[in-house]
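Everything below concerns the one structure shown next.
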Amino acid sequence: MQSNEKRAAYQSFIETVRAVLEDEKHPVTKMATIACLGKQHLPTYFWVGFYCMVEGELVVGPYQGSLGCLRIALGRGVCGASAAQRKTLVVEDVHAFADHIACDAASNSEIVVPILNKQGELLGVFDVDSTEFGSFDAIDQEFLEALMNEHFSDCDRLM
Ligand code: SME
């Protein structure tokens, strides 16, 4: 996907989410809507969804795609590493990532964005997988960090 096409797809995704979620406060409803609209707007999204911090571990939340792992310990896999480091991880080849958890062998690249609230508490992570290598870059990071901040910075918890 070319950069200009990707930016246009993200603009449309983000504006649609904003319009649909106007006045919506429940985090589960927001997560389900974002996963659905992400899958519809970005053709590279093979698996898209949320892992939520529940009692010290990441528990799968709303998602679109094939069966995801149910629970991920902090520090494990790309999701656990992003949560532990509280930073976005862009992985061009998941098979080269030492501790990658393969929920579906079809995934080849991935981006994971941590979700923090205004108090700086870690609420969970947003995870997107692609069947192609090197699908994600600084454009995905920029839009997805802004999207998570816009919709979850006022939340106490995701689930
Ligand atoms: N690949 C992830 C696990 C979650 S799934 O891909 C849905 C990881 O290593 O964190």
Side-chain angles (χ1 to χ4, degrees), residues 9-42 44-91 94 97-104 106-107 109-130 135-159:
Y10 271 110
Q11 297 284 9
S12 171
F13 171 30
I14 278 173
E15 282 164 23
T16 307
V17 169
R18 192 175 292 142
V20 173
L21 291 184
E22 198 190 357
D23 301 329
E24 180 53 55
K25 297 269 184 292
H26 200 295
V28 173
T29 310
K30 295 200 229 186
M31 290 190 284
T33 303
I34 289 171
C36 173
L37 291 173
K39 182 94 173 165
Q40 284 184 352
H41 284 82
L42 278 300
T44 44
Y45 284 20
F46 164 69
W47 193 98
V48 48
F50 292 80
Y51 279 93
C52 310
M53 281 301 293
V54 179
E55 292 165 4
E57 67 178 338
L58 292 167
V59 180
V60 78
Y63 66 92
Q64 300 257 324
S66 56
L67 183 68
C69 313
L70 301 191
R71 290 167 185 269
I72 298 175
L74 221 60
R76 289 254 10 250
V78 185
C79 290
S82 168
Q85 295 167 33
R86 295 171 167 237
K87 76 170 208 204
T88 298
L89 296 179
V90 175
V91 181
V94 295
F97 191 93
D99 190 27
H100 171 248
I101 303 164
C103 295
D104 190 318
S107 285
S109 63
E110 175 166 10
I111 181 169
V112 181
V113 179
I115 305 169
L116 302 163
N117 65 13
K118 276 186 189 141
Q119 290 74 42
E121 293 159 334
L122 178 74
L123 305 181
V125 299
F126 183 66
D127 178 18
V128 188
D129 290 40
S130 166
S135 284
F136 307 107
D137 56 25
I139 297 174
D140 303 86
Q141 177 170 356
E142 174 195 326
F143 281 100
L144 293 179
E145 286 178 352
L147 184 70
M148 294 304 116
N149 190 47
E150 177 176 344
H151 294 283
F152 300 107
S153 62
D154 287 331
C155 295
D156 299 335
R157 52 187 294 159
L158 295 179
M159 288 202 307

request  = Just do the side chain to side chain contact (heavy atoms under 4.5 Å, CB included) check on Tyr10 and Asp140 with the steps written out, would you?
outcome  = CA-CA 8 Å; Tyr10 271 110; Asp140 303 86; 2.7 Å; yes
inquiry  = Are there over 12 heavy-atom neighbours, none belonging to Arg157, within less than 6.0 Å of that residue's CZ?
reply    = no
request  = Using the test salt bridge (charged side-chain N to carboxylate O under 4.0 Å, His left out), find all partners of Glu121 that sit at least two apart in sequence or belong to another chain.
outcome  = none
query = Looking at Tyr45 and Lys39, what are the two nearest heavy atoms and their distance?
reply = O-NZ, 3.4 Å
Let me confirm one number: the [atom1]-[atom2] distance from [X] to [Y], rounded to the nearest 0.5 Å.
| X | Y | atom1 | atom2 | result |
| --- | --- | --- | --- | --- |
| Thr88 | Gln85 | OG1 | CD | 10.5 Å |
| Glu145 | Ile115 | CD | CD1 | 11.5 Å |
| Asn149 | Leu144 | CG | CG | 12.5 Å |
| Cys36 | His41 | SG | NE2 | 9.5 Å |

Would the distance check show the side chain of [X] and the main-chain N or O of [Y] forming a donor-acceptor pair, the cut-off being under 3.5 Å?
| X | Y | answer |
| --- | --- | --- |
| Asn117 | Cys155 | yes |
| Asp99 | Gly77 | yes |
| Ser82 | Lys87 | yes |

request  = Evaluate the side chain to side chain contact (heavy atoms under 4.5 Å, CB included) criterion for residues Leu58 and Met53: first the C-alpha distance (whole Å), next the side-chain angles of each, then the deciding distance (0.1 Å), finally the verdict.
outcome  = CA-CA 5 Å; Leu58 292 167; Met53 281 301 293; 3.7 Å; yes
